[in-house]
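Worksheet for the structure shown next.
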Amino acid sequence: MQTPPSTPAPEHEAIRITLPDGTVRVFDTPVSVAEVARAIGPGLAVNTVAGKIDGRLVDACDVIRRDAALQVITPRDEEGLDIIRHSCAHLLGHAVKQLYPAARMVIGPVIDDGFYYDIAFERPFTPQDMAAIEQRMRELIAQDYEVIKKITPRAEVAALFEARGEDYKLRLIEDMPDEPFFGLYRHQEYVDMCRGPHVPNTRFLKVFKLTKLAGAYWRGDAKSEQLQRIYGTAWSDKKDLDAYLQRIEEAEKRDHRRLGKELGLFHFQEDAPGAVFWHPKGWTVFRQLIAYMRRRQEEAGYLEVNSPDVMDRSLWELSGHWHNYRDHMFTTETEDGRSLALKPMNCPGSVLLYRHGLKSYRDLPIRMSEFGKVHRYEPSGSLHGLLRVRHFTQDDAHIYCTPQQMDAECRDVVALVLDIYRQFGFEDVRIKLSTRPQNRMGDDATWDLLEGALVQALEGMGLPYKLNPGEGAFYGPKLEFVLRDAIGRDWQCGTLQVDMNLPERFGVDYVDEDGQRKRPVMLHRALFGSLERFTGILIEHHAGKLPAWLAPVQAVVLSITEEHAPYVHDVTLLLRGAGLRAECDVRNEKIGYKIREQTLQRVPFLLVAGGKECDAGTIALRTRDGEDLGVMQLAQAVAYLKDATQAPDFYARGEAQQQLCARLGIDIPASSGA
RNA sequence: GCCACCGUAGCUCAGUGGUAGAGCACACCCUUGGUAAGGGUGAGGUCGAGGGUUCAAUCCCCUUCGGUGGCUCCA
């Protein structure tokens with residue numbers, strides 16, 4: 001990784017250094033990045049973190065020996081910030097070794113927003129240790145010491161870490177057998193090995209904070225020993241750190257577990273770890289999602305089925321799930337000694353439905369959908385609200401088709417999923433292609449064919465994708481659809497998998513036009529993926545303000561005083577009659593109080609009736625964002641709210657219907673909607 | 001599953017080796033108020049569960065269950 005000090009160029013030749021703005025500085029002798037910065041100006045000199053010579057990052061102390069383009073890196077550059085974070089990890093090492101000399105340092109890389117360091121130590125670190133480490137780091141920064149870099153021969157580096165008992169560093173050296181030299185960075189008595197670059201002085205590291213303590217496996221392997229990982233965040237400016245901490249706080253406010261509680265959507269409890277107790281409001285949202293997907297799938301030619309939740313173990317042996325996932329399956333024994341399992345996937349049930357009765361090529365493709373609830377014994381440590389549960393509902397479907405139909409079916413699925421995400425407001429969707437894993441069924445020729453089919457579908461549609469080698473399912477390759485939410489987080493939701501293994505294993509077939517029995521190809525696809533998870537993502541994406549068509553309560557009618565309660569009840573009935581999910585609030589409270597409460601409940605529309613409205617047969621409307629929509633006649637208000645709470649697919653369907661009518665030259669009055 | 005931390009009223013959280021407190025929510029009363037919190041009174045807890053130490057445990061120790069943050073995993 002490190003190059004030896006390059007051979008000095010002849011000293012009499014002048015060195016021309018081109019700066020980013022195009023100016024050229026000429027030096028008589030080789031100069032370091034820091035010296036060039038000093039020549040440009042004292043302000044820049046103080047802020048020099050590192051340099052970039054001909055596009056390659058180097059340390060401020062590194063010497064330039066021939067003509068080159070140089071960019072001085074300061075804390076304001078993105079690279080400068082990364083270097084600060086990386087050096088913060090070394091500083092952490094310095095503090096840890098002073099406080100706990102027996103600790104052995106492992107690796108300390110940069111991550112998003114910060115850094116971490118993995119450490120092996122005889123006892124667990126405590127939060128108090130962490131506070132002490134942070135305190136020591138601040139003391140070391142205050143010493144304003146220079147970080148000294150030295151490119152060192154392999155044998156010398158190994159001897160140094162050997163003498164210091166840093167056996168993990170020795171293992172890292174072994175991992176790089178072809179490196180004759182390594183970069184050593186000295187923080188006073190502490191030495192770390194790194195490809196660099198690093199800051200020249202600890203004064204650059206002032207804005208940091210240790211954030212959390214966690215366990216992590218050596219080399220990321222759960223079978224290896226566990227190390228202790230200390231996470232930190234670091235910035236070039238105090239303002240950036242504050243903004244970061246505020247961002248974390250914002251994300252916490254959007255946390256679906258918190259909002260689920262506040263909005264009365266669902267809860268979890270010990271009696272059923274990893275399982276959701278849906279409250280009426282949360283279940284309303286869930287039902288809207290199913291209803292939406294049902295409409296979209298019916299339109300797209302799917303047939304909905306339902307398969308058993310508990311099936312014989314032999315079925316799971318046949319499908320391969322038992323072999324691969326038995327530890328993660330819920331099983332039960334019956335009195336007569338049968339071994340049964342709760343379904344962890346819907347596909348075997350679907351296959352049995354397909355296999356029931358003879359299928360002709362004329363029947364294909366068969367698009368068989370199922371809102372199946374699957375059960376997986378997920379590791380306790382990975383459970384996380386609605387986002388990772390042990391019992392969840394998939395908007396699953398299996399498409400049985402001929403190999404010739406496979407391409408068109410894949411494209412239809414991709415088009416459908418992208419359209420659905422768009423209707424939910426997710427415009428930024430990335431696609432990943434996961435190919436054959438180590439542990440797989442079927443021969444390579446089949447995998448070639450199936451991976452090729454997915455590539456062909458994507459490329460045929462002109463869609464970019466990212467390759468994810470070795471990440472496919474054991475029975476086939478898959479596409480994964482990743483959407484980006486309102487605050488920039490990525491969520492993997494839908495998948496499309498192509499499979500010739502299960503049809504083979506289960507011996508399913510169809511009669512082709514030549515009268516021969518042939519194997520269909522099977523496509524597995526889920527678009528929301530887990531409905532529980534998707535609900536959680538929607539809650540976080542919208543910070544609880546679900547779009548009006550999904551909101552559990554779409555409108556609340558509020559009375560100013562008790563006197564107006566009968567009118568408020570009538571208006572509520574009127575809205576319900578028009579298909580809205582409406583409630584009334586006639587509590588003996590001031591209007592300001594009721595507005596506040598319903599707003600905090602994220603009810604999209606609040607309708608207020610007092611004396612004026614009762615007398616005039618009107619209603620005053622406002623939104624949860626505080627926007628005053630004015631006073632409307634009741635009929636006008638109903639029409640407005642019906643339109644504002646319409647599901648997005650109804651709009652699309654309405655437009656399609658209009659176009660069809662125009663083509664047929666007929667005039668059908670618009671349907672009354674939901 | 002592994003590492004660390006946490007578990008007190010419906011919710012958010014104080015607190016102590018001598019069997020507990022606040023705010024909000026809830027119930028009742030007063031108030032009938034026009035767009036983000038009107039006032040009063042009251043009820044409410046096996047201090048996650050089991051075991052140990054102690055005259056005495058919500059508090060200290062062990063075990064266990066659950067949660068949180070990571071790691072690993074995610075058909």
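What's counted below: heavy atoms across the whole structure, side chains too, no hydrogens, waters or symmetry copies. Here the structure is a predicted model, which is why all the values come from computation and not from measurement.
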Classify A:Gln497 by what it touches in the nucleic acid, base, sugar-phosphate, or nothing, heavy-atom distance under 4.0 Å. sugar-phosphate

Counting heavy atoms not belonging to A:Glu225, are there more than 12 under 6.0 Å from its CD? yes

Complement of B:U58, any strand, by Watson-Crick or G-U distances under 3.5 angstrom: none

May I ask you to verify whether the side chain of A:Asn588 and the base of B:G33 hold a donor-acceptor pair under 3.5 Å? yes

Taking any heavy-atom pair under 4.0 Å as a contact, classify A:Tyr325: base, sugar-phosphate, or nothing. base

Counting the atoms with a prime plus P, OP1 and OP2 as sugar-phosphate, which does A:Tyr475 contact under 4.0 Å by heavy atoms, base, sugar-phosphate, or nothing? sugar-phosphate

Which is true for A:Arg533 with a 4.0 Å heavy-atom rule: it touches a base, it touches only sugar-phosphate, or it touches nothing? nothing

Identified side-chain contact (heavy atoms from CB on, under 4.5 Å) counterpart of A:Leu479 within the set A:Asn468, A:Thr495, A:Leu496: A:Leu496

Is A:Ala222 touching bases, backbone alone, or none of the nucleic acid, heavy atoms closer than 4.0 Å? sugar-phosphate

Under a 3.5 Å cut-off for both contacts, is B:C11 paired Watson-Crick or G-U wobble with anything, and if yes, with which nucleotide? B:G23

Counting the atoms with a prime plus P, OP1 and OP2 as sugar-phosphate, which does A:His384 contact under 4.0 Å by heavy atoms, base, sugar-phosphate, or nothing? sugar-phosphate

Applying a 4.0 Å non-hydrogen cut-off, can you work out what A:Arg229 is touching in the nucleic acid: base, sugar-phosphate, or nothing? sugar-phosphate

When both hydrogen-bonding distances must be under 3.5 Å and the geometry is Watson-Crick or G-U wobble, what is B:A4 paired with, if anything? B:U68

By salt bridge (charged side-chain N to carboxylate O under 4.0 Å, His left out), A:Arg388 pairs with (sequence neighbours left out) A:Glu378

Modelled atom types, side-chain donor and acceptor of A:Ser314 and A:Asp312, under 3.5 Å: yes

Base, sugar-phosphate, or nothing for A:Ile591, non-hydrogen atoms under 4.0 angstrom? sugar-phosphate

Give one of base, sugar-phosphate or nothing for A:Gly592, where a contact means two heavy atoms less than 4.0 Å apart. sugar-phosphate

